[in-house]
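Each ligand, and each atom within it, is numbered from 1 in the order the structure gives. Position 1 is the first residue of the sequence; numbering continues from there.
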Amino acid sequence: MTAESPGTGSLDRVPLGPPEITDADIGAVVDVLRTTQLSRGPAEARFEQRIAAYVGTRHAIAVNSGTSGLHLCVRALGLQAGDEVITTPYSFVASANALLYEGVVPVFVDVNEAGLDIDATAIEAAITPRTRAILPVHVYGWPAAMPALCEIAKRRGVALIEDACEALGSEIGGRRAGAWGDAGVLSFYPNKQITTGEGGVVVTDDAGLAARMRLLRNQGRAVAAADGFDQVELGFSYRLPEMSCALGVSQLSRMEAVVTRRAQIAAAYQMGLADCEALRLPAAPAAGTVVSWFVYVVRLSERYSAADRDRIVDRMRAQGIECGRYFAPIHLQPLYRRRFGYRGGEFPVSEAAGARVIALPFFNRISEAQIARVCDTLRRTLTTAC
Ligand SMILES: *Cc1c(COP(=O)(O)O)cnc(C)c1O
């Protein structure tokens, strides 16, 4: 447990987003280690069943990372070099990298100012004869406009892949993130709502896609034939170990409490920073929308520059408060500039956000005293740093 020492002025560091690991989690992993089946066993089947039931899809395929899951979606949907996928530049690089693995071209569309999710109204103008799919990202747990995106995908005859890696538990109108698209991808990296160490799951209602992904995650091998001639296509080694699956089952069993606790922490920050004019706080979700908070990110107002933001983050760290700067827009990464010729200025909303975001410490066991200390330190730093 993280017992905060008396007095919030204590010099203990407040970390950014450590995972919550309970004794039950440890027991579940150790139980697997006492067996001889460390891969492709009962924990994998159990984890897949529980995730499918939680998200509300027919199938779930466990893989060794969210990125692997996105890659399997691209492969299983048959996307090929030169095809285009419409996606958001305001995301973790994995959502676009998964396209590059197959030579698929990411066609970026800028995001909405409020939720930093892809602007559905700008998508149709980006569709070309080569467009094969739309790949929205539920950034920070804020669900993208799935009803509108589904409608566009259906009408234009393109696939819909949901990057729900930051949004396990988020929902719109009672339907969970991941359950809207042809396939959805979850991640269980240690800073996510729940973790398996490394890991991911693809969820889908499509039995054909599910079967294809099961094959592809295991070298492209069909159900093992006795003679060993079972490799039917070129696949990958993307399996998730039993230890990770068991940890996932144990973590998922507390999911309701996790979503509730994270909402409380977000509300405490929202209140603690409400009157801070220099900050733009996360928007309130629409009625019927549930945000399962991945991180809590504030944006500095327009009068601050990226250099101001960096100085504030450095000063916060110097005072023992870990902060993050995500996301830097994908199209401005050196690789993407080099490959696609981006120079900055193409996606103004993403770029303005990327320059001014500050992710604050956010984890299940953060104490009220730690939240207060983060708020106080941020206020003080804002008035002195710029
Ligand atoms: C975490 C994350 C992923 C997947 O990351 P892995 O480390 O490969 O599990 C993909 N997309 C987004 C937006 C993410 O935040």
Open item on the list: Heavy atom to atom 8 (O) of ligand 1, shortest distance: which of D163, L70, T67 holds it?
Closed with: T67
Open item on the list: Closer than 4.0 Å to some heavy atom of C165 - which atoms of ligand 1 meet that?
Closed with: 2 (C), 3 (C), 4 (C), 10 (C), 11 (N), 12 (C), 14 (C)
- [ ] State the atoms of ligand 1, each with its element, that fall below the 4.0 Å cut-off from a heavy-atom position in A94.
- [x] 10 (C)
Open item on the list: Is there a polar contact, in the sense of an N or O pair closer than 3.5 Å, between E166 and ligand 1?
Closed with: yes
TODO: Among D83, L70, L135, find the residue that satisfies the side-chain contact (heavy atoms from CB on, under 4.5 Å) test when tested with L99.
DONE: L135
Open item on the list: For the OG1 atom of T57 and the CD atom of E48, what is their distance to the nearest 0.5 Å?
Closed with: 10.5 Å
TODO: With rounding to the nearest 0.5 Å, note down the distance linking CG in D182 to SG in C73.
DONE: 9.5 Å
Open item on the list: When you compare the side chain of D119 with that of V111, does any pair of heavy atoms fall below 4.5 Å?
Closed with: no
Task: Any N or O of K192 closer than 3.5 Å to N or O of ligand 1 - done: yes
Open item on the list: Side chain or backbone, does E198 bring an N or O within less than 3.5 Å of an N or O on ligand 1?
Closed with: no
TODO: Enumerate the atoms of ligand 1 whose separation from the nearest heavy atom of S91 is less than 4.0 angstrom.
DONE: 13 (C)
Open item on the list: Given the ring of Y54, does R176 sit roughly above its face, with NZ or CZ under 6.0 Å from the centre of the six-membered ring and within 45° of the axis?
Closed with: yes
Open item on the list: Using side-chain heavy atoms (C-beta onward) and a distance below 4.5 Å, is F294 in contact with W142?
Closed with: no
